[in-house]
Each structure stands twice: as C-alpha cells, then as structure tokens.
Amino acid sequence: MKRLRSLLAAALPSLLCACGDPPASPPERVPSPSAPVPLDPAPAGRAGPRFVEVAESAGLTRVLHGGGPDKDHILESVGTGCAFVDYDADGRLDVFLVNAWALDEEPSRVRAKGRNALYCNKGDGTFEDVTDRAGVADESWGCGVSAADYDHDGRVDLYVTNFGPNRLYRNRGDGTFEQVAERAGVADPGWGGGSSFFDADGDGDLDLYVANYIDATMDEVLAARRTTVWREKVKVLSGPFGMRGGRDRFFRNNGDGTFIDATDDAGMTDTAESYGLGVLASDLDRDGDVDVFVANDSNPNFLYRNDGGGKFTEIGTWSGAGVNGNGVAQADMGVDAADFDGDGRPDILVTTFAQDTATIYRNQGDLAFQDVAVPAGLKAITYNALKWGCGFFDYDLDADVDVVIANGHIYPQVDQDPELHESYRQKPFLLRNDGGKLVDVSASAGPGFQVASSARGLATGDYDDDGDLDLLITAMDSPPLLLRNDTPRSGRWIKLRVVDRHGAPAIGAHATIFCGGAKQSRELRSGSSHQSQNALEMHFGLGEIATIDRIEIAWPAGGKSTLEHVDVDRTITLREPAPSP
Amino acid sequence: MRSLTTAAIVCVLMLGFQAARSQQGGAPNHNGAAQVAASTYEHLATAIIEIEATEDELVKSILIGYHQAAQGHLKAAARDAQGRVAHLEAAAAEITNIGNEGDKRIQAVRQRLAKAGHTHNTDMETKADYMFVTNKEKKGLLDLAAKIARAGADADLGAMGVELDRQFEAAIAPE
C-alpha cells in the first residue's frame with residue numbers, strides 16, 4: 001500500500017507539469033410608434049417609490065408550476081423565467097412566461113405539464129393570451145428564456161431552456177413562431193438555466209451561451225426524498241452540492257440559421273461541471289468585444305474574457321469576480337450589470353442563497369473586480385433572504401441605477417419552524433442608490449413591494465409606455481406579478497430603441513448620454529437576471545435635465561453614431577447606419 | 001485509479017480473511033467467527049486509513065504540480081518579454097488552482113466525493129471542506145494570483161516567486 005502511495009505521489013507532479021472604428025455617422029432616426037409623452041411640469045424633488053401589483057387585472061393569470069408542494073428535488077426549486085419582449089414589433093412590450101410541471105407527492109408523479117404563456121400587450125394596460133395562436137406553449141419542464149434576432153430577419157426570436165431539450169422559437173413575423181431548435185442545432189438536452197445571445201466573434205451574427213445546472217433525470221426527480229437538515233431544524237431537499245453539474249454550452253452561429261457546438265473550440269469547456277445558472281454577456285472591459293460572466297451556484301463563477309476571434313480565456317478566480325471577497329464561492333443565482341457607481345464601468349450584481357449576502361463586484365477596469373457588498377450596504381439588507389432575479393434600473397429617474405431583487409425560499413419546510421425566522425414566501429427588495437450606497441426602501445415602495453411570494457424570475461421594462469420601468473416577476477406555483485411603477489414623477493427620462501440594419505434590437509450596442517456634465521451608459525443585452533429577459537430597450541433616468549447634450553451609440557458591428565441636443569421624456573428609435581460604400 | 005484502489009481493497013480483505021482463518025485452527029464456532037470478523041475489519045480499517053493517506057499525498061502532489069508550474073511561468077515571464085503577459089496569467093491560473101485545491105477537473109471530482117459523503121476538514125470561517133488550504137490561505141493565494149496576473153513591466157517577479165513559495169509552504173505544511 002505504501003508503495004502504491006509513493007508511486008502515485010511521485011508520478012503526479014510530472015504528469016501535471018506536462019499540462020500546460022469606422023467613422024462616426026448619424027443614425028437613422030425612425031419614427032417611434034409611441035408618441036412623445038408631454039413634458040410634465042419641472043420635477044419637484046425626490047419622490048417616494050410606489051409600485052402596484054396589477055397582474056390579474058392586466059390579464060396575466062397563467063399559473064406557473066414548480067413541482068410538488070414539498071419540493072423534494074432541487075428541480076422543484078429553481079423556478080422559471082420571464083421576458084418583456086416586443087414580439088410583434090408594435091412598439092409595446094409583450095410578456096412571455098416560462099412554465100414547468102406540477103407534481104403530486106404521494107405517490108410522486110406528474111400531475112400537470114404547464115404550458116408557457118405569451119401575452120400580447122393591447123396598449124391599454126392589459127394583455128391578451130395569444131399562446132396557442134403563437135405556437136409557443138410547449139409542454140416541456142421550462143426554465144429560462146432569452147430573446148434576440150438570431151437569423152437577421154428583423155424579428156425577435158425566443159430561446160427557452162428546459163429540463164430536457166431546449167426550444168428555439170423562430171419568429172415568423174405574422175404573430176406565430178416556428179420551433180426550430182433541433183434544425184438549428186441548439187436543442188441542448190441538459191437542464192438549462194440562463195442563456196444569452198451575443199456576437200462572440202465579431203462576425204455580425206449572434207452566437208449563444210447556455211448555462212446548464214445539474215445532470216439529473218426525471219426518474220431521480222420523482223424518486224427524490226428530503227435528506228438534508230436545514231439549520232438543524234427541518235428536513236429539506238438535497239443539493240446542488242454533491243450532485244453532478246451540467247456542462248455549459250457555447251453555440252457558434254453559422255450565419256445560415258444554424259449553430260454548431262463550439263464550446264471547446266472557443267475555450268469555454270466547463271470541465272468543473274459547475275452548477276451554472278446566470279449568464280451575462282457584456283463587454284465588461286469595454287474593449288469592443290463581448291465577455292461572458294456565468295453565475296454558478298456553489299462553485300466559483302466563470303469570467304470568460306473575449307480574446308478576439310471567438311476565443312475566450314476563463315479568468316474568473318483571479319479576476320476577483322469568481323469568488324466573493326472572503327474567497328468563498330457563493331451560491332449565485334441571478335446576475336445583472338450596470339455602472340452602479342458612476343465611474344463609467346459596468347459593475348456586476350449577483351444574487352445568492354439565504355444566510356449569505358448578495359454581491360456587487362465593482363469593476364476596477366481591465367477585468368479586475370472587487371467585492372463591495374459590505375460598503376454598498378448589501379450585506380445588512382440581503383443576508384437573510386434567498387435571492388433570485390435581479391436588475392439594475394433607475395426607478396425614480398434620478399440619473400443613477402437602483403437595484404431590485406426578487407426573493408423566495410426553496411424550502412417550504414422553513415415555515416414549519418418559527419425559530420428559523422425564515423419564510424418560503426418573501427417580499428422583494430427595492431434598493432435606492434444613494435451615491436453608491438444602497439438604501440432599502442422596499443417597505444415604503446407601495447403595495448406591490450408588500451406582496452410576499454416565492455419569487456424567481458424578474459424582468460424590467462416599461463410595459464405601459466409611461467416613461468418609467470415596471471417589473472415582471474415569476475413566482476412558484478402562482479401567477480406572475482406585474483409591478484407597475486406609479487412612483488410620482490420627479491425626474492426626466494429617455495428611452496432608446498436601437499435597431500440593427502435588419503430592424504431588430506441591436507444586441508451588444510452601447511449608448512452613452514452626456515448631459516449636465518455627467519454621463520450614463522447602457523448596453524443592450526440578451527438574457528440576464530434569473531433566467532429572464534429585460535426589455536430590449538435602453539432606459540435612462542435624467543433627473544432634472546431637460547435636454548440631453550449628446551447621445552453616442554457604439555454599434556456592435558463597429559462605428560458610432562451621435563445625436564446632439566436631444567429633447568427628453570420621449571422614446572427614440574435609432575437605426576444602425578448602412579456601411580459606407 | 002478507481003480500479004487500482006478497488007483491487008487493493010479486495011486484496012487486503014482477502015489477505016486479512018485468510019490470515020484470520022489460519023489462526024483459528026479448528027472448525028469455526030461463534031467466537032471464532034467473531035474473531036474472524038474483527039480481524040477482517042481491522043484489515044479493512046488499515047486499508048481505509050491507508051487510502052485516506054494516499055488521497056492526502058495525491059492531493060499534495062497535485063498542489064506541488066501547480067506550484068512548480070506557476071514558478072515555471074514566472075521564470076518564463078521574466079525572460080520572455082513577448083510572452084510575458086500570457087505567462088503571468090498562466091502563473092495566476094496555477095496559483096488559483098492551489099487556492100482551490102485543484103483545477104476545474106479536480107473540483108468536479110471533489111464534488112462527486114462530497115456527494116458520496118467523503119469530506120475532509122471543515123474551514124472554521126466558511127464551513128467549506130478542505131484538505132490543506134484554509135480559507136485564509138486561499139484568500140492570500142488568490143490575492144497573489146491577481147497581483148501576478150496584472151504585474152507591470154517593472155514588477156519584481158523574483159520577489160513574487162519568493163512570496164509564492166512562502167505562501168505555498170505555509171498552505172501545505174501540517175497543521
């Protein structure tokens with residue numbers, strides 16, 4: 001035995017050692033389908049937030065299943081995503097909801113296969129269920145959604161991750177979709193989480209990253225028993241730690257409506273089999289190509305630096321964003337990025353499990369990040385909650401990005417023991433940005449923020465086209481929540497719809513606005529939060545600014561466009577200029 | 001490795017059982033059977049302890065491999081101006097592997113072991129399982145990795161190598 005030991009010890013070191021701008025041009029301004037909103041009187045001071053939950057009256061009534069009542073398997077814990085998406089290009093944000101299955105407990109069996117839902121915005125604050133007409137119902141156990149025009153036909157398509165083969169819904173442009181995942185080569189059979197379309201190699205078409213969570217079968221789900229003891233009190237489901245992780249996938253767009261699995265070729269091999277959930281495709285170092293951050297549950301996050309030419313290097317751990325400031329791999333779920341501290345660089349927000357803080361990784365430039373959860377005030381606010389969907393958004397139009405986080409426990413059993421001081425249904429957080437310090441204003445944010453649910457997905461968008469951002473939230477075994485932003489108007493705003501040469505949202509475009517000596521920037525992204533899709537529009541709060549000095553758009557294909565002296569409180573559609581002959 | 005270990009366990013068990021039987025002399029009675037069982041269990045315990053010690057040395061040798069690789073990249077960075085950045089980043093990656101007690105492949109193995117209930121030490125601060133590198137040591141290594149990855153042209157790579165040696169020796173030293 002000792003000989004064997006010595007042999008192994010001697011052989012391994014040697015084995016291991018062997019491993020080793022085009023000119024700026026004016027954009028085409030396209031008439032916006034939404035009329036400019038009349039200017040309010042001059043803004044008067046900061047208003048208190050007010051959000052009202054209106055899902056039922058708006059017609060969003062589809063119950064979103066999440067397994068059985070006891071949640072014996074981790075598949076029954078992660079919930080489903082949602083999207084604000086203008087699928088019919090009428091200028092109004094529609095709603096897409098991903099649905100899973102309902103299970104019985106004794107005996108454990110499938111009770112109902114939930115159907116996804118697509119709701120068309122009627123323009124009067126209500127929605128019409130068009131799921132069947134559109135052909136997007138499906139009966140898979142759904143997980144997440146991302147949106148983009150992958151085939152350059154000018155229409156926004158939908159990618160839905162499932163527990164089982166994923167779906168790609170190609171938008172036909174007549175209000176219907178065609179499911180083409182198999183034909184397109186993206187019907188990944190794993191347990192999908194977040195996903196994102198982005199141009200990885202600068203060739204002008206959108207590639208696709210898909211995070212996979214855990215390697216499991218439906219037989220295992222139905223046979224699962226609760227064996228983990230949570231905080232020495234109640235028996236709950238097991239995992240993810242100790243389970244075999246799913247391998248993430250990267251699909252390169254062939255430019256003909258199909259994709260090829262280029263995970264290894266791109267340098268994105270997930271050898272750690274980490275528990276991938278959140279995907280953020282963003283040019284985090286502002287070098288002109290898109291990097292990919294993957295929020296992993298219980299494993300170090302990945303940060304794939306884009307080295308150009310469609311090749312990536314994973315630098316997560318030494319970038320500072322792989323583990324938190326204590327060197328710990330957190331149970332990360334949702335993710336978003338924005339310039340939180342006004343230094344011009346996008347910072348990363350991740351949400352985490354209960355008894356742990358959500359984290360903001362401050363971008364120090366050159367892909368170096370620093371955990372600022374404590375100085376930003378996140379730890380004190382978020383430690384107890386179990387946090388999922390998240391987003392940076394300027395709810396009060398005061399020219400900085402605030403934070404919203406959807407919460408909900410994964411163990412229904414925590415309600416059985418009062419000593420735990422936890423609940424399965426939790427209220428969301430609204431955190432106001434006060435100069436880089438987050439202040440919890442949830443309790444005074446109106447009735448919408450007093451609704452407790454076991455929330456999961458979250459998307460931001462201005463569905464009622466009134467100039468402020470509303471919230472769409474999914475909840476376990478419930479209809480979704482639609483939190484309409486009724487905050488008294490105290491600031492100006494502008495919304496930019498930036499479209500590519502094909503007429504579709506220009507994924508990867510950057511907009512920077514300059515006004516009053518300050519600047520703000522936004523990036524148009526496919527997929528983020530927890531398995532969800534924000535509206536493919538860029539929304540800016542402006543404070544008291546009545547005129548924007550300059551708007552600069554950096555287009556994903558290269559080139560810049562500039563607008564000067566732009567009036568506010570309106571939506572502007574900007575089209576990418578054709579290349580110079 | 002798995003088949004080798006399994007074979008070793010089976011051999012030890014058979015040898016132990018045979019040894020116990022040979023000491024009985026006559027037909028087995030109840031006491032004799034208990035004696036055989038205890039003796040066999042004793043041999044099994046020896047095997048388990050040896051296997052755990054083997055795992056310790058295996059992981060230590062893995063960490064030594066990362067350390068050697070990191071030092072190799074640091075030296076290469078010092079003499080190869082053109083490949084300096086790539087070597088520094090490679091050194092940083094190797095150092096993070098030390099901090100994480102394994103690269104991504106090893107981490108996947110550790111996850112499987114954890115699922116089977118096979119854990120090692122529990123970090124006081126994080127409650128995480130570790131074999132050699134405590135969380136405090138891990139943080140030091142990750143900070144050093146970040147520093148090395150972004151070392152400027154005037155950085156003293158030799159001093160960084162010395163610091164790496166120091167932190168590595170402290171991490172793998174018996175506690």
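Only heavy atoms go into these numbers, but all of them, side chains included; no hydrogens, no water, no symmetry mates. Letters A, B, ... are given to chains in the order of the sequence lines, protein chains preceding strands, and every chain is numbered from 1.
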* **Residue part contacting chain B, namely of A:Tyr275, when any heavy atom lies under 4.5 Å** => side chain
* Crowding at CD, A:Glu220 (>12 non-hydrogen neighbours, <6.0 Å) -> yes
* To do: Select, from B:Lys139, B:Arg110, B:Gln111, the one with the greatest count of heavy-atom pairs under 4.5 Å involving chain A.
  => B:Gln111
* B:Lys104: salt bridge (Lys or Arg N to Asp or Glu O under 4.0 Å) partners, not counting sequence neighbours -> A:Glu314
* Is any side-chain N of the basic residue among B:Glu163 and B:Arg166 closer than 4.0 Å to the acidic one's carboxylate O? -> yes
* Output the option from A:Asp270, A:Thr269, A:Asn299 having the highest count of non-hydrogen pairs under 4.5 Å with chain B. => A:Asn299
* Structure fact -> Ranking B:Lys138, B:Lys60, B:Lys147 by heavy-atom pairs under 4.5 Å to chain A gives rank one to B:Lys138
* To do: Counting only heavy atoms closer than 4.5 Å, note whether A:Pro300 contacts chain B via side chain, backbone, both or neither.
  => side chain
* Structure fact -> The interface call for B:Arg150 against chain A, heavy-atom contacts under 4.5 Å, is side chain
* **Lys/Arg-Asp/Glu bridge criterion (N-O < 4.0 Å) met for A:Asp265, A:Lys311** => yes
* Residue B:Ala92 versus chain A: region with a heavy atom under 4.5 Å -> both
* Any ion pair linking A:Asp72 and A:Arg226 (charged N to carboxylate O, less than 4.0 Å)? -> yes
* Asked: Does the pair A:Asp307/A:Arg305 count as a salt bridge with the N-to-O cut at 4.0 Å?
  -> yes
* Asked: B:Asp123 versus chain A, heavy atoms under 4.5 Å apart: side chain, backbone, both or neither?
  -> neither
